[in-house]
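In what follows, a single structure is set out as structure tokens and then discussed.
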Amino acid sequence: MPHKHMLIIDDEDHIREVASLSLEMTEGWKVTTADCGAAGIELARSERPDAILLDVMMPEMDGPSTLRALQLDEATKGIAVIFLTAKVQAADRRKFLDLGVQGIIAKPFDPMTLGRQIREALQWPPTAALTEAEEKDKSAA
Amino acid sequence: MSAVVRNLPIRRKVSLIVMLTVTMALVLACTAFIVYDYGSDRRSMADDVDTLAKVLASNSAASLIFHDPEAAGEILSAVRAQPSIRSAAIYDRTNRPFVTYGQSDVRWLPRDYADHVVIGADSIQTFRTIRFRGEAIGTLYLVADLRELQTRMRLQIVVGSSILAATLFLALLLTRGLQRLVTDPLLDLARAAGRVTREKNYSIRVTAREDSGADEIAALKRAFNNMLEEIESRDEALRRHQAELSGQVEQRTSELHDANRALVHAKDIAETVAEINAQLSRQSALILNTATDGIVGIDLDGQLTFLNPAAAAMFGKELADFQHMTVHTAIHYRPDGTHLNDSSCLLGYALRRGESLTRANDEFCRSDGTAFPVEYSATPMRDEQGRVLGSVLTFRDVSEQRAIEKMKDEFVSTVSHELRTPLTSIRGALGLLKSGMLGSVGAKGQRMLEIAVSNTDRLVRLINDILDLERIDSGQFDLSRDPIDAHALMAQAVDGVQTVADAAGVRLVLEPVDAILWVDADRILQTLTNLLGNAIKFSLPSTTVTISGLRKDEMFTFRVADSGRGIPANKVDTIFERFQQIDASDSRDKGGSGLGLAICRSIVNAHGGRIWTEPNGEQGSVFLFTVPVSPTSTAASLTGELIGPKTLLVCEEEGSATSWIVATLRKNGFVVMVTSADHVLAGAEASRLDGIILNLAPEFDAAPIVDMLKGHPRTMNIPIGIATAHPQASPGSFAGNVRAWIRMPLQREDLLSAVAKLCWTPQVLIVEDDADLARVMSAALQARSIRTMYAANGETAIELCRRNPPDLIVMDLKLPDMDGYAAVECLREIDEAMQKVPLVVYSALEVGASDRARLELGPTQFLTKTKDSMQDFETCVTNLIRGVTPHPEESQHAA
């Protein structure tokens, strides 16, 4: 199974850094990052990632706007999007799901389970090579 | 003369009458007598003279023949015996005196003499022819003097006059005596009348004298007395009446006086009242004019009749601009005729029924077509008899309030973002370090990293809880209430903490309950999860935490019991305060924020419930809280309804690749129980299920399991779905026993749509005010695997349809709050989907053809309670339901 390719769009450098490190290390995915919605859309067009982890609160173009732009673009509308957000109210969750995102992951996230949360949201099977590690991680928890 | 007589006293009059009468009588009598006497004397004298004359004539005849004057003289002298004969003469044939007597002036006889008597005034002359042998030889002439007679007459007159005088005198005397008899009583009467007149004394009576007999005067007296008596009695009566009258008048006067005083008083009061009224009306006007809330008067036709300045300012219109507009049109329509929002307006409906209505979230339209958010309240105006005259709509422009709320929301959102963003990096970095993936840091370093991670987690929880509590307590969050099945909620909570319980070695027991709650499912789930989490946290391994519930009247009590260390009595009251853990070390050891119970209390309070704790016998504690029962299910037995999460049983082979299906379903809000093929019947019997999914290995034959489930009375009605990857498996072999066919592998959407079809059961809303009848109908439909909701009145029905649209509505026409026509009208207003919902009108009376159109919703059938049986009803409902059931082929995923 080829490695999955994730695009992370978040205006926070540190979060991008931690998240990409986490996904690379725990899942072995290829991770690309963008620091704003516009750059993210460009990358999504050019790189065609398997999924996008999109921050909701960003200056200029926020998560929902970026999502709409991605959905309206023929080249990117098939890419699954997961919101990464500090908004955890039930009402917010419902609102986001209505926008057509595949999942919502709350901030702060646990770097060790971030990949699993993404997989579960997208119904990706566990990465075979990492199943063992994951099982180990589970038993450790 | 007559006047003189008239004025004479009555006795004079009587005297006069008597005198006159006497005089007249006497004069007449005497005159007659004298005249007669005189006449007869004169005639007898004349006769005597005549006789004498005859005698003399015959005697003297010879003398004449013989012409013997002497002898004739002698014969004549015989008349001397008759003194009255004044003179006498004998005439010869030649009428020459022959012999004369007395002084009579003898003269020649008149030529025309004959035998006749001439009676003169003072004499009687008689001529007598002297005949011899029939031959006239002379004439004898005698003159008798009447003076004697006259003298006698004069004497008679004198005598008569004397008699008259005497008579008059006597009469005078007599009348004097007589007048006493006549005049005295009259005078008495006159005097009495005079006295009565003078003295005004009607008790005076005319005395009846002895001599007064039964004559007219006596009668007059009696009449007079009677009259007086009558007058007196009248007078007396009059006086009495007068006295009475004057008493009455006095009384009336005093009454009048009193009345007048009262009137004056009343007038004062009226003036005061008018003053007060005027003041009040000035005040009312002032209040209406200065009120910052909009106040609108609405008449019975729903038209605007009044607009205070604030309302006019908010609308940007005057009352005149709203003419011939109903209130709904006035406030919800833009000037171009488009409707402001899609939400149906219950205002007109509530006002028509004279009910109050309050809305916190609505929008009204300005004259320029823009909308402004309002809170409004409409209240009917009633007169003293309770008749509705119209309504008053008060509203407030809450733009500012909304802006502040929005600012606060944004602040909370920003804070949560700003705090969480650095924490996300910290937590992420620490997590990676702790995992050891980036290299080992030694045991002490590892310990420090673990401390950092756990405290970061705690900090995150604390921030989350503080923000959560802030939101709830400030009333910023709206409870989004729905009718929710209590059991499903509890099952979901247990599901959520199962992993933690397992890790702690604590057994979770869920006791079944049967109630539909009126709650915000997310918030109650949060509360239950929190209480269960606490219970597990403070329980020792191998102990049990039990969650149960009990419905009492309109409240449902949740109960979470543990056998942990319990709550000290002095902490029972404060435990729900913020940061009031029993032991300060708890927050560190157990990782709590110290706000969990405070949040629970805020949530329960917001639901109108109560939360408290009790000791659980010897060991442990019980946390209890109450929430309201759904108003739509006044009788729990009437609602076989499971609104809220669906409960599914997934039968999987142990060790198979779980649970992508299970995980996906759980993630999408289903309560999923997992069992093995061996225990599927036991599992299916234990819970109330919406569906069973057999997720078996390709080589496993599902048929025996399906047959077993369908053959068991308690499970036969549960729809079954089969998930299979076997290419040859065919739904045909299960006939109608399998509703959903889930071919693996498939996408999430396909699974969810297959499961939605699996769980689909028609839901019928029964609108019927007779609860017993509703129960019978409900039971009949539930026996056919049709879920029922129940509303006892029109308003509940409408509210229920709005929140949870049914697949079919059964409606009675006679409801306590509105008739079926109004209810159908309101249902049509909800949305277009509602206009397609089938309706069964089940009424006591047959509905006329003309009225049927007014009751049409979707396909509409009319049944009459008296005519159509319960079987007819069931058949009718089932047939209509068939029209809305998803087609069997649709539920099968295309291979």
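Since this is a predicted model, take the numbers as computed values, not measurements. Throughout, a chain's letter reflects where its sequence line sits, starting with A, and its residues are numbered from 1. Values below: every heavy atom of this structure, side chains too, minus hydrogens, waters and symmetry copies.
- Using a 4.5 Å cut-off between heavy atoms, A/Glu12 contacts chain B through its side chain alone, with no backbone atom that close.
- In summary, A/Arg93 and B/Asp522 do not engage in a salt bridge, as defined by a charged side-chain N under 4.0 Å from a carboxylate O.
- For A/Ala121, the part lying near chain B is the backbone, with the side chain staying farther off; criterion is any non-hydrogen pair under 4.5 Å.
- With B/Gln446 contributing its side chain and B/Lys434 its backbone, the two residues share a donor-acceptor pair below 3.5 Å.
- Judged purely by atom type and a 3.5 angstrom limit, B/Asn455 uses its side chain to pair as donor or acceptor with the backbone of B/Ile451.
- When atom types are taken as modelled, the side chain of B/Ser440 and the backbone of B/Gly436 share no donor-acceptor pair closer than 3.5 angstrom.
- Contact of B/Leu438 with chain A is made through backbone and side chain together, with heavy-atom distances under 4.5 Å.
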